[in-house]
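One structure below.
Quick note: numbers below take in every heavy atom, side chains included, and nothing from hydrogens, waters or symmetry partners.
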Amino acid sequence: MELVAILAALSGALAIAAGAFGAHRAEGVAVEWLRTGGQYQLIHAVAALVALKFGVRGVAWAFVVGAAIFAGTLYAMAFGAPRWLGAITPIGGTILILGWLWFAWSLRG
């Protein structure tokens, strides 16, 4: 099994855990950060596995890495890390956008 597939599966599990924690234990803005991070991470965990099925390993890596940066910074802030980490969150989002564009380009035939 490819490392990126394993990381995508673990990413999906972490996304569910973050969402559940946000729904049941978090308070204030942390709830939204955990919800948003979990949603984006879960979508991109599945998207990474789909990209692998299409044979586009680079796209799968972009989804896993982008989601880790995007969601990871939100999770960190939800658990008390400094808010300046929010300035890093868009880097993950940019990687996700580029991953989708790369995926579209790879499917053009």
Verify the cluster assignment for [X] and [Y]: are they in a single hydrophobic cluster under the rule of side-chain heavy atoms below 4.5 Å apart?
| X | Y | value |
| --- | --- | --- |
| L98 | V56 | no |
| F21 | L42 | no |
| L85 | L96 | yes |
| V31 | V29 | no |
| W102 | L52 | yes |

Checklist entry - For atom OH of Y40, is the number of surrounding heavy atoms from other residues, nucleotides or ligands below 6.0 Å larger than 12? => result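 No, not enclosed.
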Any idea which heavy atoms bring [X] and [Y] closest together, and the distance?
| X | Y | result |
| --- | --- | --- |
| F103 | V50 | CZ-CG1, 4.2 Å |
| L34 | A26 | CD1-CB, 3.7 Å |
| A62 | G99 | CB-CA, 4.0 Å |
| A48 | A60 | O-CB, 3.5 Å |
| M77 | P82 | CG-O, 3.7 Å |

Item to check | Rounded distance (nearest 0.5 Å) linking atom OG1 of T73 with atom CZ of R83 | outcome: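 That separation rounds to 13.0 Å.
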Checklist entry - If you round to the nearest 0.5 Å, how far is CG of L101 from OG of S106? => result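 Here the interatomic distance stands at 11.0 Å.
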Checklist entry - Given V64, which of L3, L49, L7, V59 fulfils the side-chain contact (heavy atoms from CB on, under 4.5 Å) condition? => result L7
Next on the checklist: Taking side-chain contact (heavy atoms from CB on, under 4.5 Å) as the criterion, tell me which of I88, T89, T94 meets it with I91.
Outcome noted: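 In the set I88, T89, T94, the residue that makes a side-chain contact (heavy atoms from CB on, under 4.5 Å) with I91 is I88.
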Item to check | Donor-acceptor pair, side chain of Y75 and main chain of G38, under 3.5 angstrom | outcome: yes
Checklist entry - So do W61 and I95 actually touch side chain to side chain, heavy atoms under 4.5 Å? => result no
Checklist entry - Do H44 and F70 have side chains that get closer than 4.5 Å, going by heavy atoms? => result no
Checklist entry - Should the ring pair W100 and F63 be called parallel, tilted or perpendicular, given that the plane angle runs from 0 to 90° and is split at 30 and 60? => result tilted
